[in-house]
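The structure displayed is predicted, hence computed values, not measured ones. Residue numbering restarts at 1 for every chain, and letters A, B, ... go by the order of the sequence lines.
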Amino acid sequence: MATKKVTYKEAITEIEEILEKIENEELDVDELAEQVNRVSALITICKDKLHKTEAEVEKILKDMNQ
Amino acid sequence: MATKKVTYKEAITEIEEILEKIENEELDVDELAEQVNRVSALITICKDKLHKTEAEVEKILKDMNQ
Amino acid sequence: MATKKVTYKEAITEIEEILEKIENEELDVDELAEQVNRVSALITICKDKLHKTEAEVEKILKDMNQ
Amino acid sequence: MATKKVTYKEAITEIEEILEKIENEELDVDELAEQVNRVSALITICKDKLHKTEAEVEKILKDMNQ
Amino acid sequence: MATKKVTYKEAITEIEEILEKIENEELDVDELAEQVNRVSALITICKDKLHKTEAEVEKILKDMNQ
Amino acid sequence: MATKKVTYKEAITEIEEILEKIENEELDVDELAEQVNRVSALITICKDKLHKTEAEVEKILKDMNQ
Amino acid sequence: MSDQQLSLFELQRQVKGSLDDTFSMPVWVKAEISEMTVNRSGHCYLDLVETEPGTDNVIARCRATIWSYTFRMLKPYFETTTGQVFTEGLKVLLHAKVEYHEVYGFSLNIRDIDPVYTLGDMARQRREIIRRLEEDGVFEMNKELELPLVPQRIAIISSPTAAGLQDFLDQLHNNPHKFVFYTKLFPAVMQGNEAPGSITKALEQIFEYEDLFDSVAIIRGGGAQIDLACFDNYELAFNVAQFPLPVITGIGHDKDDTVIDMVAHTRMKTPTAVAEFLISGALRFSEELKELEKHFTELVNDQLEENKNRLNDAADQLNHLVNQMIVSQQNRLNIARIQLANRSAAFLKNQITELKQLSTETRNRTVRYVTIQNHQLEQSGNKLNFAFRKQVFKNKSLLQQFQNLIKFRSIETIKTEKKNLNLIQEKLRLIDPQNILKRGYSLTMLNGKILKSVQLVKEGDLIETRLSDGTVESMVEHKKLSDQ
């Protein structure tokens, strides 16, 4: 779960790939916990990125309206 | 019944193989009890793995939602 | 009729061999009773084995369901 | 007509041999009665053996089915 | 005409010899009557033997079939 | 003409010898007559024997058929 | 040839008299006003002409007067009816009395004017102008120009003294939205015959600074509504239509559009309307900008929201899928357990059935075996019976045959012997010399021996001849050999 260098897009793609694998039952139960952890980590990363972006945008808009 | 190192997948595969053997009567009666025992043990292993995974996943998801 | 060490499969094979001999009239009448007795003994052995296996299997399944 | 130790198979063989001799007219009329008697005795022996065997087998099978 | 110890076979053989001699005209007229007498006696002996055998066998067979 | 002890065969043989002699003309006329007489006597003897034999045989056969 | 000489006066009087006779009543005359003056006392003096159609060649001309009291009534009536100043250049239908004055000559005294005729003529002229502009392909040209989103630099063509101009400028510069407009006035005469030329000139000036302006506003405030004929001018319309900047008109009338209005980019009724149009344009743009900004903010927010939702969805989906997978696996294990139970039971049941079958089979086969053996024994008995009977029969036959044979052969032997003896007896009878002699044959004997050849006797030998019943003795006299 170390790779924090993933882009938002890569993270989303990976999340979707894992979800699809789970859906298609391509995942072994043995791997499940690990993969769920991975998705969780990726979602957290994405949410962090989003929050950061949101704050930034808010600031820009505020600046613009003044 | 010692080999607890089997993966979930291997366990399922073995279960199905034994079930098929029983169905096709490829088993000697002398072996049946032993094989039923084996399947039973494997099912228990699988269930344990499932429960463990379930708990683990639940924890991850809970942590993520906080 | 002493050899109780015979496996189920061996027993069945022997029964079938004797039956075949009877059918092909390879058996002397003098041996017939003896051989039928043998078959009977083997069938009894098999039944015993079956009942034992059945009980054993039932127990395993019962244990598993708990 | 004393030899009751003859086996069923031997009896049958002897019967057949005598019958063949009679058929092939290898027998003197002087011997004929004696030989017919012999065959008759053998047939009786065989029938006895058969009945005994039958009864025995029936008993075995009856015992087995119980 | 005394020798009643002759067997059926010997009788038949003797009959045949005498018949042959007669045919080959090896018989003197002086002997003819005697020889005819002999044959007659032999035939009678044979018939007797046959009847006796027949009766005997019939009895045996009758006994056997019962 | 006295010798009545001659057998039928001897008589026939003598007759044939005499007849041969006559045919070979080895006989004087005087002897011839004598020999003719002899043959005639022999024939009579033979006929007697024949008749006797015939009667005897007939009787035997008759007895035999009864 | 009348040699009667008339004084000028008399001639003029005679002309006057005949004209009066001929035109005793006023007549309706169509003519164009070429010149017109109104004197101090209010009388109107006109110079009327008729030109050759299609050219400007004058083919008739005369003076005309409208007396002041008539003129005072006719002029307003005409002008309000036509919306056109009663002035030079108009084509009119006049009700006039032909007058002839000995001193001043021929003139027409106008009593009435039919404005309908002039109206028709004006409309015709306007249609003509429009047709020409369309033919030239310029009619729509100005309309095809794109008005800048916010036309802020306005070239104004107007009369500097016009009341409307100041209102227009005030309205523009003091707009409540604080939009800034840059205006530059290009003065022009906005009425009368000079107007087209003057406006054209103003346009030419603007054209030189084309790049400095976004559009041209031709405005005329407050003036009488009857001065509009000057805007139905071909040359002016031609210039306006082709002008490279969009032209907005606010000429200030409510009636039919002038040709200038028609060819202009945008036609507003009054200067005020033009100002409002310009301000509203700016306002619209400003609102669009605001809208855009709002839209942009919304988009950004939407996207952020969408991504948040997506992540939440992913989390939900993960939860759901994992649960599903676990349930599915649990089911699978449960099924495996049930299958194990069922299949084991079925397996054992099959084995039991098989064992039962085996025991049934044992019984069947044993019974069959015993039956077969029994049958075979039965057959052996039958065979024995049959073979024995055959043997007995055969022996009986043989004995019978022997019996027959001995009978046949003994009888045959006896018969044969009998025959034989009879044959011998017959032979004997033939051989017996006594019998031969009896048949007439005789025996010749020499010296006690039978004479068998002639050669054995000599003549003179004594021979004995034996007959059946005695003997004769004789001597040989002669002998003879038989020929062979």
### Task
Answer with side chain, backbone, both or neither: which region of E:L32 has an atom nearer than 4.5 Å to a non-hydrogen atom of chain G?
side chain

#### Entry: Within 6.0 angstrom of G:E459 CD, more than 12 heavy atoms from elsewhere
yes

### Task
With sequence neighbours excluded, give me every salt bridge (charged side-chain N to carboxylate O under 4.0 Å, His left out) pair touching residues 352-362 of chain G.
G:E361-G:R365

### Query
In terms of heavy-atom proximity below 4.5 Å to chain E, should G:F388 be classed as side chain, backbone, both, or neither?
side chain

### Message
Below 4.5 Å, heavy-atom pairs only: which of E:L42, E:L19, E:I22 has the largest tally toward chain G?
### Response
E:L19

### Message
With a 4.5 Å cut-off on side-chain heavy atoms, are G:I414 and E:V29 touching?
### Response
no

### Summary
Whatever's closer than 4.5 Å to a heavy atom in chain G on E:V39 counts as side chain

### Side-chain heavy-atom pair G:L399, E:I12 within 4.5 angstrom cut-off
yes

### Query
Just wondering, are more than 12 heavy atoms of other shown residues or ligands nearer than 6.0 Å to CD in G:E426?
yes

### salt bridge (charged side-chain N to carboxylate O under 4.0 Å, His left out): pairs with one or both residues in residues 318-327 of chain G, sequence neighbours excluded
none

### Query
Which value, rounded to the nearest 0.5 Å, describes the distance between G:I406 atom CD1 and E:I15 atom CD1?
8.5 Å

Hey, can you pull the donor-acceptor pairs under 3.5 Å for the side chains in residues 433-442 of chain G, sequence neighbours left out?
residue, atom, partner, partner atom, Å
G:Q434, NE2, G:S468, O, 3.4
G:N435, ND2, G:R429, O, 2.9

Which donor-acceptor pairs fall under 3.5 Å between chain G and chain E:
residue, atom, partner, partner atom, Å
G:R389, NH1, E:E58, OE1, 3.1
G:R389, NH2, E:E58, OE1, 3.2
G:R389, NH2, E:E58, OE2, 3.4
G:N395, OD1, E:Y8, OH, 2.9
G:K396, NZ, E:E54, OE1, 3.1
G:K396, NZ, E:E54, OE2, 3.3
G:Q403, OE1, E:K47, NZ, 3.0
G:R409, NH1, E:L19, O, 2.9
G:R409, NH1, E:E23, OE1, 3.3
G:R409, NH2, E:E23, OE1, 2.8
G:R409, NH2, E:E23, OE2, 3.1

